[in-house]
Amino acid sequence: KDINSLDNRVNILEGGVKRYGVVFSGSSTKGTRVENAVGMIAQVAVDDEIVVNDFDKVSFFNRPICCGYHDEDGKFHVNAYRGEPGFAWDGSNGEVFYECTPFFYKGDLHNYISVSASPLEGYRLAPMFKNGVDKVYCPVFPIAMVDDKATSRAGVFPTSGSMNNHMANARTYHAKAHTETMAVRISEYMLMLVEFADKDLQKIMEGATAMAYSDSHTAVIGETAVNRVILANDHATSFVIGQTIGIGSSYSNDSVAADRIVTDIVPYDEENTAIYFDGDPVDITEGDIVASRYWINGAAATVVTASSGSIVSNTDAKYPCIWRGRENPWGNAYSAICDVLIDAVEAGDSFENTLHYLEDPTKYDNGN
C-alpha cells in the first residue's frame, strides 16, 4: 500500500514537471513536437529583427551572454551580463562567455529526444555538466590570440592551426583551459533538435558554410598601392561586404594581404568588379588569388539581438550566425575537439578506427 501510494505521488509530481521533446520517423529530417513542446514556435532573426521564440522562456534554453574571468580553480565569475552596465564585447571587462544551465535528457538523438530541467525517471544529466546544480560557461567566440594570450572577444580574428597548437593556445588563458569538447557539442545538439524540430539545422541557419575558398578567384588587373582587387564578375559575386579575405599566391596564402575586411563591392567595367578592403594599400599583381578567411569575431553576436539568427541572411551560406550565445555553431572557423580521439590503424586499403573518450579534456597531451 505505502509503495503504491508513493508511486502515485511521484507520478503526480512528474506530471507537473515540464519536458520538451521531438520525435523523428522515416527519412524526413523534420520532426514532430511532443510533450510540452507541442505548439511552441522557434523563429530565428536577421540582424536586429524581433522574432518569436517560445524556448527563450525555458530556463536551460535561455543562455545569457556575459563577460568575466576564471579564477585559479577554474570557476567562472561574471562581471556583467549583456545589457547591464559594465558589459563589454572587447575584453576590457573580462572575456565573453555564455552561461549554460544544467538540464536532463532522454532518448537516442535519432528517433526521439526529450529534455527537462528536472531529473525525471529515465532521464540523464546532459554530458557537458558535472552535476545538476553548477552552471557551465562556454566561450562565445573561437580562440583569438591577443598579446600571446587566448581570448573570447569581439573585434579580433580567430586563430588557425593544428589541434595541438589550439590546445597550447587555450592554455595561455588558464592552466585548466581546453578547446571544444564533444560533451558540449552533443549537449547543444540535443537542445537544437528539440528547439527547431529538424535534423537539418542548416536549413534553419545556413551560417558561413559556402565561402569562396579556392584558386579560382584571380585578380585580372595589376595595380600599385591600392585597397582593391579587380575580379571577373562571376568570381566577384562569391564575396560579400563585411567578410574577411586574404590575397596571395594561392587560396591559402596571405603574402599580399591578410585579414582584410571587404568594405565595398562595385562594378569596374562591363566584365569586371572591384572588391575594396580595409587596411594599408598593397600592390596587386595580375593572377593574385583572393580567398575567404574567418569572419571577424562578433560579426553576428554584436548585431543579432534575438536568441538566434544571422546578419543579412540566414540562407545564402555566406554570413555568420549565432545560436543561443554561441557564435558560428557551425561553419566559418576550425573546430578543435579535444575529448574524443581517434586511433586510426592501417588495415589493407582502409583504416580501422578506434574511438577513445577523454573524460578530463584538460589532460589532452598532443594526441597521446
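Note that this is a predicted model, so its numbers are computed, not measured.
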Taking all non-hydrogen atoms of both residues, which atom of [X] and which atom of [Y] are closest, and how far apart?
{"X": "Thr172", "Y": "Ala150", "result": "OG1-N, 2.9 Å"}
{"X": "Ala291", "Y": "Arg293", "result": "CB-NH1, 3.5 Å"}
{"X": "Ala177", "Y": "Ala170", "result": "CB-O, 3.2 Å"}
{"X": "Met190", "Y": "Phe103", "result": "SD-CE1, 4.1 Å"}
{"X": "Ile284", "Y": "Ile221", "result": "CG2-O, 3.8 Å"}
{"X": "Val266", "Y": "Tyr276", "result": "CG2-CE1, 3.5 Å"}

Salt bridge or not between [X] and [Y]? Use side-chain N to carboxylate O under 4.0 Å.
{"X": "Lys75", "Y": "Asp134", "answer": "no"}
{"X": "Arg19", "Y": "Glu35", "answer": "no"}
{"X": "Asp198", "Y": "Lys203", "answer": "yes"}

Is the side chain of [X] donor-acceptor paired with the backbone N or O of [Y] at a distance under 3.5 Å, no angle test?
{"X": "Asn332", "Y": "Trp295", "result": "yes"}
{"X": "Asn314", "Y": "Ser310", "result": "yes"}
{"X": "Arg124", "Y": "Pro119", "result": "no"}
{"X": "Asp288", "Y": "Ile247", "result": "no"}
{"X": "Ser187", "Y": "Ala126", "result": "no"}
{"X": "Thr179", "Y": "Ala336", "result": "yes"}
{"X": "Thr263", "Y": "Asp278", "result": "no"}
{"X": "Thr209", "Y": "Gly331", "result": "no"}
{"X": "Asn297", "Y": "Gly155", "result": "no"}
{"X": "Thr151", "Y": "Val146", "result": "no"}

To which residues is Tyr334 joined in a hydrophobic cluster, defined by side-chain heavy-atom contacts under 4.5 Å among Ile, Leu, Val, Met, Phe, Trp and Tyr, whether direct or through other members?
->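 Same cluster as Tyr334: Tyr294.
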What's the separation between atom [atom1] in [X] and atom [atom2] in [Y], rounded to the nearest 0.5 Å?
{"X": "Thr302", "Y": "Glu327", "atom1": "OG1", "atom2": "CD", "value": "7.5 Å"}
{"X": "His166", "Y": "Ile337", "atom1": "NE2", "atom2": "CD1", "value": "11.5 Å"}
{"X": "Leu201", "Y": "Phe196", "atom1": "CG", "atom2": "CZ", "value": "7.5 Å"}
{"X": "His110", "Y": "Ser25", "atom1": "NE2", "atom2": "OG", "value": "15.0 Å"}
{"X": "Asp264", "Y": "Asn227", "atom1": "CG", "atom2": "CG", "value": "12.0 Å"}
{"X": "Asp339", "Y": "Tyr364", "atom1": "CG", "atom2": "OH", "value": "11.5 Å"}

Pick one: which of Lys149, Glu95, His178, His70 meets side-chain hydrogen bond (donor to acceptor under 3.5 Å, both in side chains) with Tyr173?
->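 The passing option is His70.
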4.5 Å side-chain heavy-atom contact, Ile275 and Arg228 |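 Heavy-atom side-chain distance check fails, nothing below 4.5 Å.
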Passes side chain to side chain contact (heavy atoms under 4.5 Å, CB included), Ser292 versus Gln243? Steps please.
-> CA-CA 7 Å; Ser292 299; Gln243 77 160 95; 2.9 Å; yes
Please lay out, stage by stage, how Ile261 and Phe277 fare under the test side chain to side chain contact (heavy atoms under 4.5 Å, CB included).
-> CA-CA 5 Å; Ile261 296 177; Phe277 51 85; over 6 Å; no
Determine, using the 4.5 Å side-chain heavy-atom cutoff (strictly less than), whether [X] and [Y] are members of one ILVMFWY cluster.
{"X": "Val44", "Y": "Tyr20", "result": "yes"}
{"X": "Trp330", "Y": "Tyr189", "result": "yes"}
{"X": "Leu231", "Y": "Val282", "result": "yes"}
{"X": "Val340", "Y": "Met128", "result": "yes"}

Can you check side-chain hydrogen bond (donor to acceptor under 3.5 Å, both in side chains) on Ser335 and Glu180, steps first, answer last?
-> CA-CA 7 Å; Ser335 179; Glu180 281 193 85; 2.6 Å; yes
Is the closest side-chain donor-acceptor distance between Glu206 and Tyr319 under 3.5 Å?
->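 On atom types as modelled, these side chains do not qualify, holding no pair under 3.5 Å.
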How about Ser162 and Asn164: does a side-chain donor come under 3.5 Å of a side-chain acceptor?
->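 No, no side-chain donor-acceptor pair sits under 3.5 Å.
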Criterion side chain to side chain contact (heavy atoms under 4.5 Å, CB included) on Thr159 and Asn169, from CA distance to verdict = CA-CA 9 Å; Thr159 301; Asn169 287 338; 3.8 Å; yes
May I have the step-by-step check of side-chain hydrogen bond (donor to acceptor under 3.5 Å, both in side chains) for Thr273 and Asn233, ending in yes or no?
-> CA-CA 5 Å; Thr273 297; Asn233 289 337; 2.7 Å; yes
Do we get Lys106 above Tyr112's six-membered ring, with its NZ or CZ under 6.0 Å from the centre and within 45° of the axis?
->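 No, Lys106 does not lie over the aromatic ring of Tyr112.
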CA sep, side-chain torsions, deciding dist, call: Lys176, Asp73, salt bridge (charged side-chain N to carboxylate O under 4.0 Å, His left out) | CA-CA 8 Å; Lys176 295 184 178 180; Asp73 296 324; 5.1 Å; no
Please list all pairs passing the ring pair (Phe, Tyr, Trp, His ring centres under 6.0 Å) test where one or both residues lie in residues 207-236, with sequence neighbours left out.
->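 Every pair satisfying ring pair (Phe, Tyr, Trp, His ring centres under 6.0 Å) with a residue in residues 207-236: Tyr213-Tyr251, His217-His235, His217-Phe239.
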Take Asp215 and Ser250 through the side chain to side chain contact (heavy atoms under 4.5 Å, CB included) test and state the conclusion after the steps.
-> CA-CA 6 Å; Asp215 285 334; Ser250 71; 3.9 Å; yes
Side-chain donor-acceptor distances from residues 49-64 under 3.5 Å, at least two apart:
unit_1: Glu49; atom_1: OE1; unit_2: Val46; atom_2: N; d: 2.9
unit_1: Asn53; atom_1: OD1; unit_2: Phe55; atom_2: N; d: 3.0
unit_1: Asn53; atom_1: OD1; unit_2: Arg324; atom_2: NH2; d: 3.2
unit_1: Asn53; atom_1: ND2; unit_2: Gln43; atom_2: O; d: 3.3
unit_1: Asn53; atom_1: ND2; unit_2: Glu195; atom_2: OE2; d: 2.8
unit_1: Asp54; atom_1: OD2; unit_2: Ile41; atom_2: N; d: 2.8
unit_1: Asp56; atom_1: OD1; unit_2: Ser307; atom_2: OG; d: 2.9
unit_1: Asp56; atom_1: OD1; unit_2: Arg324; atom_2: NH1; d: 3.1
unit_1: Asp56; atom_1: OD1; unit_2: Arg324; atom_2: NH2; d: 2.8
unit_1: Arg63; atom_1: NE; unit_2: Arg324; atom_2: O; d: 3.1
unit_1: Arg63; atom_1: NH1; unit_2: Glu188; atom_2: OE2; d: 3.1
unit_1: Arg63; atom_1: NH2; unit_2: Glu188; atom_2: OE2; d: 3.2
unit_1: Arg63; atom_1: NH2; unit_2: Arg324; atom_2: O; d: 3.0

Check the surroundings of atom [atom1] in [X]: do more than 12 heavy atoms from other residues, nucleotides or ligands lie under 6.0 Å from it?
{"X": "Asp269", "atom1": "CG", "value": "yes"}
{"X": "Asn353", "atom1": "CG", "value": "yes"}
{"X": "His356", "atom1": "NE2", "value": "yes"}

Do Phe76 and Phe97 have their ring centres less than 6.0 Å from each other?
->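 Yes, the ring centres sit under 6.0 Å apart.
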